[in-house]
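All remarks here apply to the structure that follows.
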Amino acid sequence: MTAYTSDFLNILAERGFIHQVSEPDALDARAKDGTLTAYIGYDCTAPSLHIGHLLPTMMLYWLQQTGHRPIALMGGGTTRVGDPSGKDETRRVLSEEAINENLRSIRKTFSKFLKFEGDGGNAIMANNADWLNTLNYIDFLRDVGRHFSVNRMLSFDSVKLRLERQHELSFLEFNYMILQAYDFVELNKRYGCALQMGGSDQWGNIVNGIDLGRRMNNAHLFALTAPLITTASGAKMGKTAAGAVWLNADLVSPYDYWQFWRNTEDGDVGRFLKLFTVMPLDEIARLSALQGAEINEAKKVLATEATALMHGRDAAAEAGDTSRKTFEEGSFAGALPTVEIARAELEAGIGVLTAFADKTALASSNGDARRQIKAGGLKVNDATVGDDKMMLTAKDLTADGVIKLSLGRKKHVLLKPV
RNA sequence: GGGAGAGUGUCCCGAGCGGCAAAGGGGGCGGACUGUAAAUCCGCUGGCUAUGCCUUCGCAGGUUCGAGUCCUGCCUCUCCCA
């Protein structure tokens, strides 16, 4: 590992954030001497960021922590185009209103990690729609387009893959890399931004921006990419049955978020502690050294620290507490997801199938609930359901005044009469 | 514009002589074993008011007792020629 002299690169390197860096020595000197401004681009195709965005966001966090200036660039303009990288299919194009809606929602997530201007910090949230939407096509072609060689563009993986597999690549998408390169140049001009970071798949796009900056403005720009994070068993990170692990609390509750980290594979714990928490490295080293069942302690720390970063210390503690009661003591606490039902309805009696499929959506349909019963996967108040005609009534309420429904060992919902 | 080929279970890939709720994978879910891990093994993986009914193979028609399968038209994609 290269020894850096700047705090910023040192921390990123020690914690495993660095995959590739352009001109490491020059960047290191730059980060040591003064304030470095760097950006990461985000799509806004969804109303929330997900786990996959967390890693780059942590890089912005450390950037700010080490005295520099982060820019979160929202792709309000490029989202209307769609990055072809790593995808076979054309991305659907969102309406402008939907994009703006998503943008607002995502901004809240950033504010947990970054201190923005007007909030006691220097972080900037930019939107490339600000400059892309008003571009004049002819001017753009003349000023920017002439610096791009189609021969070279065709050699990029993102394009080559599509062509080789004979999938359609529209001209619109073909232009994505040009727009991203232009973003970098524009941010350099506006804010003196000198570094673009991103996932390893972004290397080509970032380097394009560096080249364009040099050709247009003789600017000296840098690239830094993070490794692609897969789990120890090779799966892509953050994919669960329920879909993506979102960062917004209303999409994935702090409890579920905590559980996500708690269920990390053994082999990933040390790496994840370094990447997704801000704990000191010596403490992480101690936790990572735990063997066998003891590593569960490290997983709990990981879950709590990661959740605290995202949802706050209190929510993390509550999620940890609920989890302990649920899994270790066999009881439960209030932070489990709760679904309210009318008391009268409960008194009249609710079929188990209805309770699991309609009320709580633990099962996807009555048929699914039936199948789960046959497989022994459904529990009411921790007792396995054996009969799909079973009725739930007020008599099933526990001392806490709720009914606990479980699918498998990990998914629990409380049914609460109101 | 001409010629050739393709579109299958709303997660993906993919088989499918006219009797098909449709092979086989992957993924996912559940169970067993464990440590809320991994690996392994087993089961499940259209819907419903359920010994039956309804909806599915690009779309719309047709032939047939019966169509994913045959015919016609259309749509989309790929390749070759112009």
Side-chain angles (χ1 to χ4, degrees), chain A residues 86-90 92 161-170 173 230-245 253 255-273 287-304 306-307 319-333 335-337 349-354 356-358 360-380 382-389 391 404-413:
Chain A
K87 293 173 193 71
D88 282 343
E89 287 168 28
T90 304
R92 71 207 158 95
L161 208 75
R162 284 278 192 93
L163 295 179
E164 276 169 5
R165 306 178 77 177
Q166 301 181 346
H167 282 285
E168 158 107 350
L169 176 71
S170 70
E173 295 167 284
T230 54
T231 65
S233 50
K236 253 204 193 131
M237 197 185 158
K239 286 183 72 183
T240 67
V245 178
S253 71
Y255 167 79
D256 286 326
Y257 192 73
W258 195 95
Q259 281 293 321
F260 169 78
W261 294 106
R262 172 64 244 263
N263 286 305
T264 298
E265 291 176 33
D266 287 9
D268 293 325
V269 175
R271 199 158 47 110
F272 285 6
L273 278 167
L287 287 168
S288 306
L290 295 174
Q291 290 298 313
E294 293 201 329
I295 202 162
N296 282 327
E297 290 311 311
K299 290 185 190 179
K300 288 179 204 169
V301 173
L302 170 64
T304 301
T307 307
D321 197 46
T322 299
S323 299
R324 184 173 51 76
K325 286 181 177 157
T326 305
F327 289 98
E328 295 175 23
E329 296 173 9
S331 64
F332 55 84
L336 284 175
I350 298 176
V352 258
L353 298 182
T354 310
F356 276 94
D358 290 349
T360 65
L362 278 170
S364 58
S365 67
N366 283 2
D368 185 37
R370 236 183 284 264
R371 283 191 289 271
Q372 293 294 358
I373 287 173
K374 206 178 294 174
L378 294 192
K379 294 199 185 92
V380 171
D382 298 315
T384 304
V385 177
D387 176 11
D388 61 14
K389 295 205 173 54
M391 298 297 285
K404 180 186 182 189
L405 303 180
S406 313
L407 177 111
R409 285 165 301 163
K410 293 185 184 175
K411 274 169 267 170
H412 310 282
V413 169

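Lettering of chains follows the sequences in order, A, B, ..., and the numbering in each one begins at 1.
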Qualifying residues under salt bridge (charged side-chain N to carboxylate O under 4.0 Å, His left out), relative to [X], sequence neighbours excluded:
X	result
A:Lys379	none
A:Arg409	none
A:Glu297	A:Lys300

Closest listed nucleotide, where the reference is the side chain of [X] and the choices are [options]:
X	options	value
A:Gln259	B:U36, B:A37, B:G30	B:U36
A:Lys410	B:A37, B:G35, B:U34	B:A37
A:Glu265	B:U36, B:A38, B:G35	B:A38

Taking [atom1] from [X] and [atom2] from [N], how many angstroms apart are they, rounded to a whole number?
X	N	atom1	atom2	result
A:Leu362	B:G28	CG	P	19 Å
A:Arg409	B:G35	CZ	C1'	10 Å
A:Lys299	B:U34	NZ	C1'	11 Å
A:Trp258	B:U36	CH2	P	11 Å
A:Phe272	B:A38	CZ	C1'	14 Å

Partner nucleotide of [N] by Watson-Crick or wobble geometry (both distances under 3.5 Å):
N	value
B:U36	none
B:G52	B:C48
B:U72	B:A60

Anti/syn call for B:C20, syn if |chi| within 90°: syn
[X]: what forms a side chain to side chain contact (heavy atoms under 4.5 Å, CB included) with it, not counting sequence neighbours?
X	value
A:Ala306	A:Trp261
A:Thr360	A:Val339, A:Leu362, A:Leu405, A:Val413, A:Leu415
A:Lys374	none

Determine the Euclidean distance between corresponding P atoms of B:A22 and B:U10; express it in Å to zero decimal places. 14 Å
Listing request: all salt bridge (charged side-chain N to carboxylate O under 4.0 Å, His left out) pairs with a residue in residues 362-371 of chain A, at least two apart in sequence or in separate chains. A:Arg370-A:Asp388
Counting only side-chain N and O atoms of A:Lys411, is one of them less than 4.0 Å from OP1 or OP2 of B:U36? no
From A:Leu407 CG over to A:Phe356 CZ, what is the distance, rounded to the nearest 0.5 angstrom? 7.0 Å
Taking N or O atoms only and anything under 3.5 Å, show me the protein contacts with nucleotides 53-56 of chain B, one pair per line.
none

Quick one, give me the B/S/- string for nucleotides 43-50 of chain B, reading 5' to 3', where B means a protein heavy atom under 4.0 Å from the base and S means that only happens at the primed atoms, P, OP1 or OP2. -SS-SSSB
Need one value for A:Leu378: base, sugar-phosphate or nothing, where a base atom within 4.0 Å counts as base even if backbone is also close, heavy atoms only. nothing
